[in-house]
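Here is the naming used below: chain letters follow the sequence lines, and residue numbers restart at 1 for every chain.
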2 protein chains.
Amino acid sequence: MYSTTEENYLKTIYKLQAQLGTFINTNAIADGVNTKAASVTDMVKKLSEKKLLSYEKYKGVQLTEKGKKVAVETLRKHRLWETFLHNQLGFTWDAVHDIAEQLEHIQSNELVEKLDAFLGFPSHDPHGDPIPGRNGVIKESNFILLSVLKKGEKGIISGVVNHSSLFLQHLEKNKLTLGKTITITEVSSFDLSMAALLEGKEKIQLSNEVVKNILIKKLA
Amino acid sequence: MYSTTEENYLKTIYKLQAQLGTFINTNAIADGVNTKAASVTDMVKKLSEKKLLSYEKYKGVQLTEKGKKVAVETLRKHRLWETFLHNQLGFTWDAVHDIAEQLEHIQSNELVEKLDAFLGFPSHDPHGDPIPGRNGVIKESNFILLSVLKKGEKGIISGVVNHSSLFLQHLEKNKLTLGKTITITEVSSFDLSMAALLEGKEKIQLSNEVVKNILIKKLA
DNA sequence: CTAATTTTTTAGACTAGCCTAAAAATATTT
DNA sequence: AAATATTTTTAGGCTAGTCTAAAAAATTAG
């Protein structure tokens, strides 16, 4: 139905729209899909003709419902494949993204539904991101940043903000994986780093750079 | 490394070479990859420059070792994915080909090896075709055509010659699936159709068109 | 509220892969 | 061996997606 390139543009614009509000500018898209602004202008015109987004010269771009639907479907496929790669094939969570980036463009509705069932209808991918349902609904998680916890509070690691391999590998190395419990024992007012207990026993030290990129489900 | 299109050309030429001998002509390739002869000439020049095949004008084409390697790797991926789709996701054997046609071009050696392990290092795909090993070796099966069996002889259904959806669906409908035992009770000298017993009990009638497209492992 | 800077768009060109129509080579008949 | 038919290649052109360089619009600064 839509080309790999078109799907990538839509997915990127969708994500930017979630972060930055409604109108998305050319440079941001160029950055997201790894091309030059001139190429984005071309593609955006094409997507506009196909009614996947609305475009006004020099103003920016906004997905239509049709465009959003394609974006969310692509996101759903991406996250299902990531889950498959991690849960079934045993890939580490930093390795799944690049492969899922290819797999998300395989065309077959039956495949997506069968994969979903095979995985047990997972609600979140290996990075803690919610997997859109067949209907396109994304269940918003009530996860918060680890950095907002105060001394004495605790939570369960439930997702990440930064998805880079470098960051994910750092977390892996320090056993900071999904599902682990963290209890804050101290917050430095100098550099905002945190001292904490992992699983209630192991003492660890977390830089601000780290804690502001981890999402947790707060425990009472 | 190589584009989807290049891989498809190489895979097609490889299969033709196995059937027709060494030199493959332009029209046969055009047929296999679903384009026109003129397009094949273009692509064949390109593949020749990349040392994936040797090409002599008006003479035809022959894969180099390098080209064969790419073709076999693609075949390996195709058959592993078909096995995944059938054995794990529960696709019928006539539905797996088209999806595997897309999945075979996903680039990641690690993925192929992990998938292979996940599937338990299968030797054959859902159509009974052998899956090339990591080393590129294809274990030749000693399957024979069901049509060569004589009255009283029996065998286990182990593969198909014709891979079309139509034929596979026909077999499925008549419970002629991989692993079933067939015992020949009569061969008509008029139309070469066969009367047989399925799993030693159910009486069935098989047209010559069917029996010459089924591969079996002969039983003593 | 002009001037300088940044962002975006246009213009023109490139590659991969495909096409049609015509020309050239090969194969088949007679 | 010449004539006809078939196969293959060349020539020229198309689309999708990309690029650089230059022009135009919008934004920021003085």
Side-chain angles (χ1 to χ4, degrees), chain A residues 1-13 16-17 19-63 67 70-71 74 101-102 104-107, chain B residues 1-13 16-17 19-63 67 70-71 74 101-102 104-107:
Chain A
M1 194 66 178
Y2 299 104
S3 74
T4 292
T5 312
E6 288 172 327
E7 286 184 354
N8 282 335
Y9 270 85
L10 293 172
K11 198 184 54 170
T12 297
I13 295 167
L16 289 169
Q17 218 160 12
Q19 283 170 34
L20 311 172
T22 49
F23 279 92
I24 305 306
N25 59 333
T26 307
N27 268 345
I29 300 172
D31 221 73
V33 299
N34 241 303
T35 45
K36 298 300 161 70
S39 309
V40 172
T41 303
D42 285 351
M43 177 57 89
V44 143
K45 279 180 188 164
K46 204 179 110 186
L47 295 174
S48 173
E49 269 161 36
K50 295 192 182 184
K51 309 277 181 215
L52 292 160
L53 48 78
S54 64
Y55 164 60
E56 223 182 314
K57 268 194 199 175
Y58 297 104
K59 287 271 163 58
V61 130
Q62 217 175 343
L63 292 187
V70 177
T74 307
E101 208 61 18
Q102 299 178 62
E104 72 187 6
H105 303 293
I106 302 293
Q107 312 230 261
Chain B
M1 194 66 178
Y2 299 104
S3 75
T4 291
T5 311
E6 288 172 328
E7 286 183 353
N8 282 334
Y9 269 86
L10 294 171
K11 198 183 54 168
T12 297
I13 296 167
L16 289 168
Q17 218 159 13
Q19 282 170 35
L20 311 172
T22 47
F23 279 93
I24 304 306
N25 59 334
T26 307
N27 269 343
I29 300 172
D31 221 72
V33 299
N34 241 302
T35 47
K36 297 301 161 71
S39 309
V40 172
T41 303
D42 284 351
M43 178 57 89
V44 143
K45 278 181 188 164
K46 204 179 112 189
L47 295 175
S48 172
E49 266 161 36
K50 294 191 181 181
K51 309 271 182 222
L52 291 160
L53 48 79
S54 64
Y55 165 59
E56 221 182 316
K57 266 192 200 177
Y58 297 102
K59 287 273 163 56
V61 131
Q62 217 173 345
L63 292 187
V70 177
T74 307
E101 209 59 18
Q102 299 178 62
E104 72 187 5
H105 303 293
I106 303 292
Q107 312 233 260

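In this structure, B:Asp42 atom CG and C:dA16 atom P are separated by 11 Å, rounded to whole Å. The distance between atom CD of A:Glu7 and atom C1' of D:dA16, rounded to the nearest whole Å, is 15 Å. The distance from atom CG of A:Leu47 to atom C1' of D:dA16 is 12 Å, rounded to the nearest whole Å. Distance, A:Tyr9 OH to D:dA16 P: 14 Å, rounded to whole Å. The CD atom of B:Glu6 sits 9 Å away from the P atom of C:dA16 (whole-angstrom rounding). As a whole-Å value, the separation of A:Lys36 NZ from C:dT9 C1' is 16 Å. We find that CD1 of A:Ile29 is positioned 13 Å from C1' of C:dT7, with the value rounded to whole Å. Rounded to whole Å, atom P of D:dT8 lies 11 Å from atom CG of B:Asp31.
Which of C:dT20, C:dT9, C:dT7 sits closest to the side chain of A:Asn27 comes down to C:dT7. With distances taken from any side-chain atom of B:Tyr58 to the nucleotides C:dC19, D:dT18, D:dT8, the minimum falls on D:dT8. Taking every side-chain heavy atom of A:Ala38 into account, D:dT20 is the closest of D:dT20, C:dT20, D:dT18.
Expressed to the nearest 0.5 Å, how far CD of B:Glu101 lies from NZ of B:Lys11 amounts to 3.5 Å. In this structure, A:Asp42 CG and A:Thr35 OG1 are separated by 10.0 Å, a value rounded to the nearest 0.5 Å. Once rounded to the nearest 0.5 Å, the distance linking CD of B:Glu104 with CG of B:Asn8 reads 5.5 Å. In this structure, OG1 on B:Thr41 lies 9.0 Å from OH on B:Tyr58, to the nearest 0.5 angstrom.
Using a distance-only test at 3.5 Å, with no hydrogens or angles considered, no donor-acceptor pair links the side chain of A:Ser48 to the main chain of A:Val44.
Counting non-hydrogen atoms under 4.0 angstrom, A:Asn25 reaches the backbone sugars and phosphates but no base. Note on A:Thr35: only backbone sugar-phosphate atoms sit closer than 4.0 angstrom, heavy atoms only; bases stay farther off. Looking at heavy-atom distances under 4.0 Å, B:Lys45 makes contact with sugar-phosphate atoms alone, never a base. Looking at heavy-atom distances under 4.0 Å, A:Thr5 makes contact with sugar-phosphate atoms alone, never a base.
Summary of the strand contacts: B:Thr26 and A:Ser39 both lie near DNA chain D, and taking for each the nucleotide with the nearest heavy atom, the more 5' one is attributed to B:Thr26. Nearer the 5' end of DNA chain D, as judged by each residue's closest nucleotide, is the contact made by B:Tyr55, out of A:Lys57 and B:Tyr55.
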